[in-house]
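Down below is the structure, laid out as structure tokens.
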Number of protein chains: 2
Amino acid sequence: MDTAKNMEGVAIDPTTILKNCGLKRTLGRVKILDILIELDRPITGKELLNRLGTDAVDPASVYRTLNVFFDLEVVHKIEGADNINRYALNRGEDMHPHFTCRTCGKMECLTMTTFPHIDIDSMEEGYLVERESISLVGLCPRCRL
Amino acid sequence: MDTAKNMEGVAIDPTTILKNCGLKRTLGRVKILDILIELDRPITGKELLNRLGTDAVDPASVYRTLNVFFDLEVVHKIEGADNINRYALNRGEDMHPHFTCRTCGKMECLTMTTFPHIDIDSMEEGYLVERESISLVGLCPRCRL
DNA sequence: ATTTTTCTTGCAATCAAGTTGCATTTGCAT
DNA sequence: ATGCAAATGCAACTTGATTGCAAGAAAAAT
Ligand SMILES: [Mn+2]
Ligand SMILES: [Mn+2]
Ligand SMILES: [Zn+2]
Ligand SMILES: [Zn+2]
């Protein structure tokens, strides 16, 4: 039995992931998952397309695939401060802030940073908060020089 | 002398604002400021255009104006969870989270909610954090019914 | 008050991220 | 092997936003 807290041992290979959520194992999906599994930070559709290279999967299919993955919680979708969506494999981590470098555009997961409590008591009654996110923007070490 | 903490008494009329930042007083800018001054929540370029009505200012001019205002810190720009920028008059408030209703798309400033401290010590050395934002998404009382 | 200079606008074209309709192809269960 | 549901490629389209450029309006200079 694997809980969200104990997924280290879970085999995360494309075939298993696709089987587990009842999706057909297509070449495009496998290639996309290969990239996302390899990577430890959220990337844009554009970067994903670049990494897929010239033997490309069609952009429409890539975006469609990412949406399917997101709906099935295979990936996280993070809205960037630059209004571009980024996607990362859902490894069952706790909620965490994200940092984006305004120069190179790379986003990083701050998985080690405790997600602070947000006091919503002061909001008017009647609101339903379904999702919250914290986004930091600045310069990464490389771009800071 | 007016500090950011003590702006209540500051006259916030379009003419003064424009003069203070050395911008020409044009009809479009005045109309835009009228709307932003009246309103207490961030709105999209689209909503701003709608409010300007048929005697419209050109969309290009509206977006250009918003960018100019943002650069001069006349307005805040908030990136929404829906990847659409929203703008609100800069009244010198403290930093605060924003709530967006996923149904009606209205964004609200949670000015009464204390902005939690984000522990960035656990980030690798060498990062420069210039900006941070907190975004809540859910349903507003009206859309919750 | 007129001229001159500088800034701003409108318009149309353009861009980028992402979506959609539809014919064709592919994975997979039988 | 066969058949059907699901997925893809392609092209067209949507939306938020930006840009080049000629024409127009403000402010400054005379
Ligand atoms: Mn993350
Ligand atoms: Mn605000
Ligand atoms: Zn960088
Ligand atoms: Zn609502």
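Worth saying up front: this structure is predicted, and the values here are computed from it rather than measured.
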Checklist line | Toward the 5' end of DNA chain D, by each residue's nearest nucleotide, B:R86 or A:S61 | finding: A:S61
Between protein and nucleotides 23-25 of chain C, what N or O pairs are separated by less than 3.5 Å?
none

Margin query: By the definition side chain to side chain contact (heavy atoms under 4.5 Å, CB included), identify the one residue from B:L49, B:V75, B:V62, B:V74 that meets it with B:I32.
Written below: B:V62
Minimum side-chain heavy-atom gap [X]-[Y] below 4.5 Å:
{"X": "A:L110", "Y": "A:I134", "value": "no"}
{"X": "A:R142", "Y": "A:K106", "value": "no"}
{"X": "A:V129", "Y": "A:I118", "value": "no"}
{"X": "B:T65", "Y": "B:T26", "value": "no"}
{"X": "B:P42", "Y": "B:H98", "value": "yes"}

How long is the line joining [atom1] of [X] and [atom2] of [N], in whole Å?
{"X": "B:L18", "N": "C:dT8", "atom1": "CG", "atom2": "C1'", "value": "12 Å"}
{"X": "A:F70", "N": "C:dG18", "atom1": "CZ", "atom2": "P", "value": "13 Å"}
{"X": "A:K46", "N": "C:dG18", "atom1": "NZ", "atom2": "C1'", "value": "12 Å"}
{"X": "B:N67", "N": "D:dG16", "atom1": "CG", "atom2": "P", "value": "16 Å"}
{"X": "A:L49", "N": "C:dT19", "atom1": "CG", "atom2": "P", "value": "13 Å"}
{"X": "B:F69", "N": "C:dC7", "atom1": "CZ", "atom2": "C1'", "value": "14 Å"}
{"X": "A:K19", "N": "C:dG27", "atom1": "NZ", "atom2": "P", "value": "14 Å"}
{"X": "B:L52", "N": "C:dT9", "atom1": "CG", "atom2": "P", "value": "12 Å"}

Checklist line | B:E130: salt bridge (Lys or Arg N to Asp or Glu O under 4.0 Å) partners, not counting sequence neighbours | finding: A:R102
Next item on the list: List the protein contact pattern of nucleotides 19-30 of chain D with one symbol per nucleotide (5' to 3'): B for base contact, S for sugar-phosphate-only contact, - for none; contact means a heavy-atom distance under 4.0 Å.
Entry: BB-----BS---
Margin query: Working to the nearest 0.5 angstrom, can you tell me the gap between A:C101 SG and A:L136 CG?
Written below: 12.5 Å
Check: When rounded to the nearest 0.5 angstrom, what is the spacing between OG1 in A:T114 and NE2 in A:H96?
Finding: 12.5 Å
Note to self: Listing request: all side chain to side chain donor-acceptor pair (under 3.5 Å) pairs with a residue in residues 34-43 of chain A, at least two apart in sequence or in separate chains.
What the structure shows: A:R41-A:E47
Note to self: Using ring centroids (six-membered ring only for Trp), state whether B:Y127 and A:F99 fall under 6.0 Å.
What the structure shows: yes
Check: Going by heavy atoms closer than 4.0 Å, what residues in residues 31-42 of chain B are next to DNA chain D?
Finding: none
Margin query: Just to verify, what does B:D82 make a side-chain hydrogen bond (donor to acceptor under 3.5 Å, both in side chains) with, not counting sequence neighbours?
Written below: B:R86
Notebook entry, point to check: Within the structure shown, what part of the strands sits under 4.0 Å from A:V68 by heavy-atom distance: base, sugar-phosphate, or nothing?
Noted result: nothing
Next item on the list: Could you tell me whether A:N83 contacts a base, only the sugar-phosphate backbone, or nothing, with contacts defined as non-hydrogen atoms closer than 4.0 Å?
Entry: nothing
Notebook entry, point to check: To the side chain of B:Y63, which of D:dA17, C:dG10, D:dT8 is closest?
Noted result: D:dA17
